[in-house]
Trainee: 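Handing you this structure, nothing more for now.
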Amino acid sequence: MDSLSVDHLLGIKQLQPEDIDLIFRTADHFKEVINRPIRKVPSLRDITIANLFFENSTRTKLSFELAEKRLSADVLNFSAGQSSLKKGETLIDTVNNILAMKVDMVVMRHPMPGAAMFLSREVNSRIVNAGDGAHEHPTQALLDSYSIREVHGDLAGKKVLIVGDITHSRVALSNIFCLQKMGAEVKVCGPPTLIPKYIESIGVKVEPNLRKALEWCDVANMLRIQLERQRIQYFPSLREYSLQYGLTKQLLDSIDNEFTILHPGPINRGVEITTEVADSERSIILDQVENGVAIRMAVIYLLADKIDKRNSS
Amino acid sequence: MKSRTLLDKEQIKLILDRLCFQIIEEFDSPDELCFLGLQPRGVLLSGRLQERLKALSPEEEYRFGELDITFHRDDFRRREKPLTPQSTRIPFNIENKTVILVDDVLYTGRTIRAGMDALMDFGRPKSVQLLVLVDRRFKRQLPIEANYAGKRIDSIDAEKVRVEWLEQEGEDKVVLYNTEENG
């Protein structure tokens with residue numbers, strides 16, 4: 001297969017395993033490109049992409065912007081803080097106004113789950129979901145799986161543990177879908193108040209004990225506690241959380257299992273992971289960031305190929 | 001589909017040897033130059049060149065790499081079939097070297113244009129030359145010519161020239177296909 005089965009990247013749920021494989025293979029080539037003396041190719045010279053961030057973001061926004069620039073696309077940036085949304089404009093109106101300026105693709109982060117899906121039905125543009133509330137964050141899941149593949153090879157049969165706030169995490173949900181589609185086994189670990197009740201119904205096992213879970217896994221993905229999404233107190237204190245679910249050097253050294261450590265960032269050092277662990281050789285956190293650019297280049301490149309070809313003549 | 005063999009195994013072998021001697025004669029030292037096979041089919045030809053150069057002048061070490069031009073093509077989103085990238089492998093510095101681009105067939109010249117652009121991402125070569133096995137002359141859409149050409153042929157657009165190799169298609173030969181019915 002050399003073309004995606006979808007016209008937008010709304011979530012991992014809509015992708016076929018072949019799509020994920022194609023994105024990975026394409027990202028391999030872009031990873032080589034971004035390590036050249038001149039880290040840029042002219043493929044998307046005639047494409048304009050709008051990055052619409054209705055929610056704060058640093059690395060995802062930078063990563064998308066860099067990916068777009070490495071492909072020679074023209075880039076428009078928009079952040080909710082400076083927008084007319086405050087004046088009462090609807091999402092569709094905002095986006096249609098931007099598209100009227102001849103924009104070909106929209107990368108959007110939005111606090112409402114399903115915002116990207118909604119937009120893809122209402123406007124005539126390719127949509128890339130850069131995170132919609134607590135729903136999905138597909139490019140993060142792709143770059144996590146891609147980084148695991150780099151260290152461990154084929155994902156099939158690999159044991160991946162996700163630790164932390166599973167309920168409020170779009171990274172967790174997208175990761176679960178992606179890993180399962182690629183044949184990996186997924187377990188989650190975290191405070192019972194932050195594990196969705198129905199999680200086992202999608203084939204994910206729960207291991208409440210962090211030590212046991214770490215002894216089992218090939219890869220541990222340590223999520224951030226998303227205090228901004230929690231409306232009530234789900235656990236007594238950050239200190240309590242860190243004692244129960246934080247990954248420390250002592251814990252790491254006492255476990256006889258060479259697992260790889262991932263973290264989607266931003267890190268709360270000393271909460272879910274200590275500084276020593278985050279900077280250890282087992283951690284591939286900075287590789288994840290580098291791979292993020294290659295993965296996003298692959299996604300944008302493959303979707304750009306599906307932009308109405310008649311427009312370009 | 002009608003087809004006609006333009007070059008057979010023996011003729012290809014002779015041509016490859018001649019091209020190798022031209023290179024050996026042209027350059028005082030292999031340190032001055034490097035070869036880049038264009039993906040996908042130019043790489044097969046550059047593999048053969050490497051083999052023959054090794055046999056003809058065993059004491060010299062020639063550098064060979066592979067260059068993919070997918071992201072530099074001018075027909076992205078303009079062709080029906082999506083482009084599939086291949087690997088790029090340039091394990092040496094091209095700065096101040098003569099780079100010889102290697103491809104099997106020179107036709108419109110567009111692939112070579114993309115190849116030259118892709119090449120510049122890796123540095124500033126002293127000069128760039130082109131080596132092809134088959135030159136479909138009078139068919140250029142860009143002002144590009146080969147420095148070393150195996151065979152120059154006249155063809156029409158409805159014809160397709162295919163260079164086949166032992167390791168891929170089972171036999172070394174160059175075939176001219178006519179894609180038009182009754183043509």
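So you know, we letter chains A, B, ... as the sequences are listed, proteins then strands, and number each from 1.
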Trainee: Does the side chain of A/I47 reach to within under 4.5 Å of the side chain of B/R77, using non-hydrogen atoms?
Mentor: yes
Trainee: Any non-hydrogen side-chain atom of B/S87 less than 4.5 Å from a side-chain atom of A/E32?
Mentor: no
Trainee: Charged N to carboxylate O below 4.0 Å: is that the case for B/R78 and A/D46?
Mentor: yes
Trainee: At a 4.5 Å cut-off on heavy atoms, which part of A/L302 comes close to chain B: side chain, backbone, both, or neither?
Mentor: neither
Trainee: Does atom CD of B/E25 have more than 12 heavy-atom neighbours from other groups under 6.0 Å away?
Mentor: no
Trainee: Rounded at 0.5 Å granularity, tell me how far CG in B/L83 sits from CG in A/D2.
Mentor: 9.0 Å
Trainee: To the nearest 0.5 Å, how far apart are CZ in B/F76 and CG in A/L71?
Mentor: 8.0 Å
Trainee: Can you tell me if B/K160 has over 12 outside heavy atoms packed within less than 6.0 Å of its NZ?
Mentor: no
Trainee: Given heavy-atom pairs under 4.5 angstrom as the criterion, report whether the side chain, backbone, both or neither of B/T88 touches chain A.
Mentor: both
Trainee: Give a yes or no on this: more than 12 heavy atoms of other residues, nucleotides or ligands lie within 6.0 Å of atom CG of B/D154.
Mentor: yes
Trainee: What residues of residues 108-143 of chain B sit under 4.5 Å from chain A when you count only heavy atoms?
Mentor: B/M120, B/D121, B/F122
Trainee: Is the count of non-hydrogen atoms from other residues, nucleotides or ligands lying under 6.0 Å from A/R45 atom CZ greater than 12?
Mentor: no
Trainee: Are the side chain of A/H29 and the backbone N or O of B/Q86 linked by a donor-acceptor pair below 3.5 Å?
Mentor: yes
Trainee: Working to the nearest 0.5 Å, report the span between OH of A/Y301 and CZ of B/F71.
Mentor: 5.0 Å
